[in-house]
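Every chain is numbered from 1, with letters handed out A, B, ... down the list of sequences. No hydrogens, no waters, no symmetry mates; every other heavy atom, side chains included, goes into these values.
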Amino acid sequence: MSAPIVKTVGLRKSFGPNEVLKGIDLEVTQGEVLCILGPSGSGKSTLLRCINHLEVPNGGYVWVDGQIIGYELRKDVLHELTVKRLRAQQSQLGMVFQHFNLFAHRSVLGNVIEGPMVVRGLSRAEATERAMALLDLVGLAEKAEAWPAELSGGQKQRVAIARALAMEPRVMLFDEPTSALDPELVGEVLEVMRRLAASGTTMIVVTHEIGFAREVADRVVVMIDGEIRETGPAEAVLADPKDPRVRSFLGRVLARPAECDA
Amino acid sequence: MTKPAPLRPKPDGAGSSVQLLPLSELPGPNLAMRKLPHPGRWLAAAVVVLLLAVLVRAFALGNIRWEIVGEFLTAPVIIKGFGWTMLITIAALALGVVLGFGFGMMRLSANPVLRYVAWFYVWVFRGTPVLLQLLIWFNIALIFPNLYIPGVVDVKMVVVMTPFVAAVLGLGVNEGSYLTEVVRGGILSVDKGQVEAAHTLGMTPGQTMRRIILPQTMRLILPVLGNSAVGMLKFSSLAATIAMTEMLNAAQRIYFINGAVIEMLFVCALWYLMGTSVLSVGQFYLERHFGRSQGGRA
């Protein structure tokens with residue numbers, strides 16, 4: 001077993017009176033693929049967004065590869081980091097959004113080179129060379145000059161994955177990456193994610209794709225009402241959940257035909 | 001429970017009887033087709049032509065000497081005045097855009113002090129007439145007799161505040177207060193996901209604003225900026241009131257002497273129309289440039 005790279009400690013988050021995360025303790029090891037499952041409103045997306053500090057937790061903290069995200073520990077007190085240092089940490093956590101969020105005013109290539117050029121200071125030539133390799137990886141090298149508005153949903157999401165990979169993150173976070181796609185476009189995105197997983201990328205994936213979780217995930221976590229109710233190897237959790245509410249959730253999901261999971 | 005009455009087909013009114021064509025009587029595919037006539041359009045055209053004729057007759061027979069219009073259309077003093085008009089327009093618009101973007105971003109700043117300052121700016125300069133502001137700028141020496149910034153400048157205000165400077169400041173600062181609100185709205189309408197994506201790539205707020213938000217804001221507010229440019233060209237005529245020898249002022253000086261009032265005003269109207277037409281063409285190309293990512297739709 002390799003070393004942990006992400007650890008959340010007692011992570012809590014509320015929106016108004018609504019407590020969405022009720023103290024999440026989670027550990028992810030180097031190279032692991034973790035799928036987070038759970039019904040709508042269970043807090044799984046919020047957990048992911050707290051890990052990269054898009055949402056600021058109300059309690060607890062996130063540790064990634066030696067650093068606490070958003071803070072610096074001095075004499076048992078967490079001191080808030082400057083925005084610049086926070087962003088440097090965030091750039092180490094690649095994020096893929098449900099709605100792609102490609103920069104609408106940049107071409108496909110422009111989207112992928114933006115981060116490396118602006119944040120890491122690469123020259124346009126060097127950034128372009130590496131971006132083309134990544135676009136090749138997701139099978140979209142020939143679309144480099146296209147605008148996002150001209151792409152299908154599946155293509156947009158593959159560009160978004162290439163854009164996140166361009167920052168060479170330590171961990172890739174996926175927030176329901178196929179939920180906004182037409183059913184016939186889900187496969188191409190999952191295929192890219194499958195290849196990433198095979199190459200040893202550490203991945204945390206919030207998803208409804210039970211099939212993908214079963215096939216690719218090293219471990220599955222099931223969240224219900226802001227708590228982790230079940231965790232373990234995919235096969236074990238999916239086949240024989242201990243928690244009754246997890247069992248009823250999985251029963252509902254597994255009963256549906258596969259394409260409805262999208 | 002009473003059942004609602006079933007819908008019955010309306011009885012056919014006179015002249016709108018439905019044609020019933022049995023299958024056996026259907027003609028072949030190659031039929032001549034006749035478009036619906038549009039008598040309203042012909043009527044409208046006739047009315048417009050008539051009105052135009054009346055107008056043309058009025059202008060032709062009225063008390064206006066066209067040869068004077070033609071003569072002064074290219075008079076050096078008018079062309080020079082138009083040059084000043086354009087210069088005021090461009091300088092004031094540039095100032096307004098800079099102020100609009102600056103205060104527009106301040107309006108949305110996390111820093112409450114900056115937010116209030118921007119709000120106050122809009123409140124003052126959008127809340128008073130631009131003509132009044134022009135007069136105040138022109139007479140600002142009554143409040144600040146000297147322009148004094150330690151170690152930078154120390155001069156008499158009356159020397160600095162020429163009619164041109166007052167016109168640019170008055171029009172530009174006023175326009176900036178409107179554009180502040182336009183920019184604020186533009187920034188707010190950029191999808192929040194764009195900002196989140198920039199943050200996850202590690203871009204700082206400044207980089208996100210400059211590289212992601214503002215370029216997309218530009219596309220949204222260009223139609224309004226085009227309006228501003230056209231409006232500014234026309235409002236620059238207000239500078240005539242503070243002794244700025246732009247085109248309208250030049251025209252007035254001429255008709256005070258030769259009495260050709262309507263002729264000189266027509267000369268100005270023609271030049272203004274020319275100027276606004278040129279600006280509209282420029283707007284078209286700018287919108288096409290910033291809308292290119294939308295496949296030419298924007």
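For Leu54(A), the part sitting under 4.5 Å from any heavy atom of chain B is the side chain, from C-beta outward, and nothing else. Using a 4.5 Å cut-off between heavy atoms, Arg120(A) makes no contact with chain B at all. Of the atoms belonging to Val83(A), it is side-chain heavy atoms, and not backbone ones, that fall under 4.5 Å from chain B. Neither the backbone nor the side chain of Leu86(A) has a heavy atom closer than 4.5 Å to any heavy atom of chain B. With a 4.5 Å cut-off on non-hydrogen atoms, Phe97(A) touches chain B through its side chain but not through its backbone. Residue contact with chain A, scored on non-hydrogen atoms closer than 4.5 Å, involves the side chain of Gln207(B) exclusively. With a 4.5 Å cut-off on non-hydrogen atoms, His105(A) touches chain B through its backbone and its side chain both.
The one candidate from Met95(A), Arg49(A), His99(A) that meets the side chain to side chain contact (heavy atoms under 4.5 Å, CB included) condition with Glu196(B) is Arg49(A).
Side-chain N/O atoms of Arg87(A) and His199(B) include a donor and acceptor closer than 3.5 Å.
Looking only at heavy-atom pairs under 4.5 Å with chain B, the residue among Leu102(A), Leu93(A), Asn52(A) that has the most is Leu102(A).
A 6.0 Å sphere centred on OH of Tyr71(A) holds more than 12 heavy atoms belonging to other residues, nucleotides or ligands. The environment of NZ in Lys143(A) is sparse: at most 12 heavy-atom neighbours from other residues, nucleotides or ligands sit within 6.0 Å. Atom CZ of Arg124(A) has 12 or fewer neighbouring heavy atoms from other residues, nucleotides or ligands inside a 6.0 Å radius. In the displayed structure, Glu129(A) atom CD is contacted under 6.0 Å by at most 12 heavy atoms of other residues, nucleotides or ligands. Atom CZ of Phe15(A) has more than 12 neighbouring heavy atoms from other residues, nucleotides or ligands inside a 6.0 Å radius. Counting heavy atoms of neighbouring residues, nucleotides and ligands inside a 6.0 Å radius, atom CZ of Phe235(B) does not exceed 12 of them.
Inter-residue side-chain proximity for Met167(A) and Thr200(B) is flagged as unmet; no heavy-atom pair is nearer than 4.5 Å. A 4.5 Å side-chain heavy-atom check between Ile212(B) and Glu114(A) finds at least one atom pair inside the cut-off.
Taking each heavy atom of Ala197(B) and Phe103(A) in turn, the nearest pair found is CB-CE2, 3.9 Å. Contact between Ser91(A) and Gly202(B) at its shortest, heavy atoms only, is CB-CA, 3.8 Å.
A distance of 9.0 Å separates CG in Leu201(B) from CG in Asn111(A), rounded to the nearest 0.5 Å.
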